[in-house]
Amino acid sequence: MTSPGPAALVIVANRLPVDQVSEPDGTTSWRPSPGGLVSALEPVMRENDGTWIGWTGGRDDRMEPFEADDLDLVPVTMTAQEVEEFYEGFSNATLWPLYHDLVAKPEFHREWWDSYVSVNRRFAELAAEHAAESATVWVHDYQLQLVPQMLRELRPDLRIGFYLHIPFPPAELFQQLPWRRQILEGLLGADLVGFQLPGAAANFVRLVRQRVGHKTHRDLIYLPDGRTVRAGAFPISIDTAGYEELARSEAVVERAAEIREALGDPRKVFLGIDRLDYTKGIHARLRAFGELVRDGHFDVEDAVFVQVAVPSREQVEQYRLLRDDIDRLVGHINGDYGRIGRPAISYLHSSYPREEMAALYRAADIMVVTPYRDGMNLVAKEYVACRHDNTGALVLSEFAGAAEELRQAYLINPYDINGMKSALVGAARADDKELARRMRAMRKTVIQHDVAAWADDFLTELNDGDLTHDKVVRPARRL
Ligand code: F6P
């Protein structure tokens, strides 16, 4: 194994963009993970000799830097205690619920914070070690909010960008955090701080003014050391063309037909695909559907709800409780209203490759996305990308970032069960012309603004913002 040379572009994210797979001969290898972030950044990484720093997902696995699929990867080691305190604890039981409107109660523990600081420092030190002179470093997400400042102290020559993939809460919620000032100062180490929505950027600027006392003007923050930090909205997107191509492929078309047949060829297939997370509103949506079946709006002979729940963060208590709640609810609904071979809800607790997801999107008449709060929600965009014939309906929570772009969806408030029921009925009864009108407009949005455009916009803003820098990382699209 050879260590990669200094990189002109360093991506720092909690996870590496690869998954470990076990081969039949007992060895293990690495396969690129299917996420959109990798496909967006891969071309830019290649153009700029990029290096990606992240956690493998293991415990105590001290690994050297390695190459997978031509990508230079630098693994970050975490002990079992750090996984518990930094990842499951501070990241996912403190910040995650706090940043998602307190959908669950955040826990505040001082030892979790200490672990957050030391793991952030480890990421920052590795970034400092692997970045070339005047390189660009792009730090991602809520797990690593202290990295920009720590890195700037180590390497003032770098151009540093930070992007938050999840919502950034209003001041009223954020200020509950005992370490609110440290987080704000951590982020201010970046030259550009990106958010999904303009409202989140405005929350951040306001908090900096109120809590740190820096001067601000619109999206700019003026620091006492003379630096200027910009905060802006860069709504993330998906590999639209890639999804559409998959959805058009013979294998996916055949698989979609197979899925409908296996479901008993109902007239209407409703679909939910989510990580099993309490922010996603899975319980409320299944309840709404169950009531519609109970009240005779839908019959299990001609309507079914397919719910895919991808296992996630299973060591965190709130996630375990949620799993039990959903299991119980599905059991009740199917027990009360299902018939032999005809469950009201077809529930799958598993993750699937992109091909199977595309087939499910093709098979579904109504996609149901009902989070209480969501940074963006890429599933909504993936569904739209797969409906190249302008069929299908999207029922979408107004509290998902995607609702700001996909205005032609059937928009709902997930706290309003009756409103959600009306939207499900409305979407199921709409005529083809109405559905095509809505889908055409939504498709235009996701085609024009895909994940490559997102990466391009962020890197352009980051690199053009400061012309005194001599090395400018160019987005792959422009090369
Ligand atoms: O949406 C935030 C996010 O951290 C994504 O970046 C990630 O793909 C997903 O949640 C799953 O998170 P985890 O790394 O905790 O499994």
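Whatever order the structure lists them in is the order used to number ligands and atoms, beginning at 1. Below, each value reflects all heavy atoms present in this structure, side chains not excepted, and no hydrogens, waters or symmetry copies. The shown structure was predicted, so the numbers you read here are calculated from the model rather than taken from an experiment.
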Note to self: For Tyr410, does the six-membered ring have the charged nitrogen or CZ of Arg438 within the cation-pi criterion, i.e. under 6.0 angstrom from the centroid and within 45° of the normal?
What the structure shows: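 Yes - Arg438 lies over the ring of Tyr410, closer than 6.0 Å to its centre and within 45° of its axis.
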Ligand 1 to Arg313, heavy atom cutoff 4.0 Å, flagged ligand atoms 3 (C), 4 (O), 9 (C), 10 (O), 11 (C), 12 (O), 13 (P), 15 (O)
For Asp141, the ligand 1 atoms with a heavy-atom partner under 4.0 Å come out as 2 (C), 4 (O), 6 (O)
| query | Would you say atom 7 (C) of ligand 1 touches the protein, meaning some protein heavy atom is under 4.0 Å from it? | reply |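 No, there is none.
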- Task: Taking atom 13 (P) of ligand 1 as the reference point, report whether a protein heavy atom occurs under 4.0 Å from it.
- Result: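 Yes; the ligand atom in question has protein heavy-atom contact below 4.0 Å.
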Inset, instruction - Could you tell me whether Phe234 and Phe195 have their ring centroids closer than 6.0 angstrom? - result: no
Would you please indicate yes or no on a ring centroid separation below 6.0 angstrom for Tyr278 and Tyr372? no
To atom 9 (C) of ligand 1, the nearest of Glu88, His165, Gln143, Arg275 on a heavy-atom basis is Arg275
Among Tyr142, Trp96, Tyr99, Tyr319, which one has a heavy atom closest to atom 1 (O) of ligand 1?
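Result: the heavy atom closest to atom 1 (O) of ligand 1 is in Trp96.
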Original post:
Which residue supplies the protein heavy atom nearest to atom 15 (O) of ligand 1, what is that atom called, and how far is it?
Top reply: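 Scanning the protein heavy atoms, the shortest distance from atom 15 (O) of ligand 1 goes to Tyr87 OH, 2.5 Å.
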**Asked** Does the side chain to side chain donor-acceptor pair (under 3.5 Å) test come out yes or no for Asp456 and Thr460, once each step is laid out?
**Response** CA-CA 6 Å; Asp456 184 313; Thr460 303; 3.2 Å; yes
| said: Side chains of Tyr163 and Gln196 only: does a donor on one sit below 3.5 Å from an acceptor on the other? | reply: yes
Give a yes/no verdict on whether any heavy atom in [X] is under 4.0 Å from an atom of ligand 1.
X      : value
Asn14  : no
His140 : no
Arg15  : yes

- Checking ring-ring contact (aromatic ring centres under 6.0 Å, His included) against Tyr142, which of Trp96, Phe90, Tyr99, Tyr87 comes through?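 The ring-ring contact (aromatic ring centres under 6.0 Å, His included) with Tyr142 is passed solely by Trp96 among Trp96, Phe90, Tyr99, Tyr87.
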Worksheet item: Are any of the side-chain heavy atoms of Arg285 and Leu424 separated by less than 4.5 Å?
Response: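 Arg285 vs Leu424: side chains apart.
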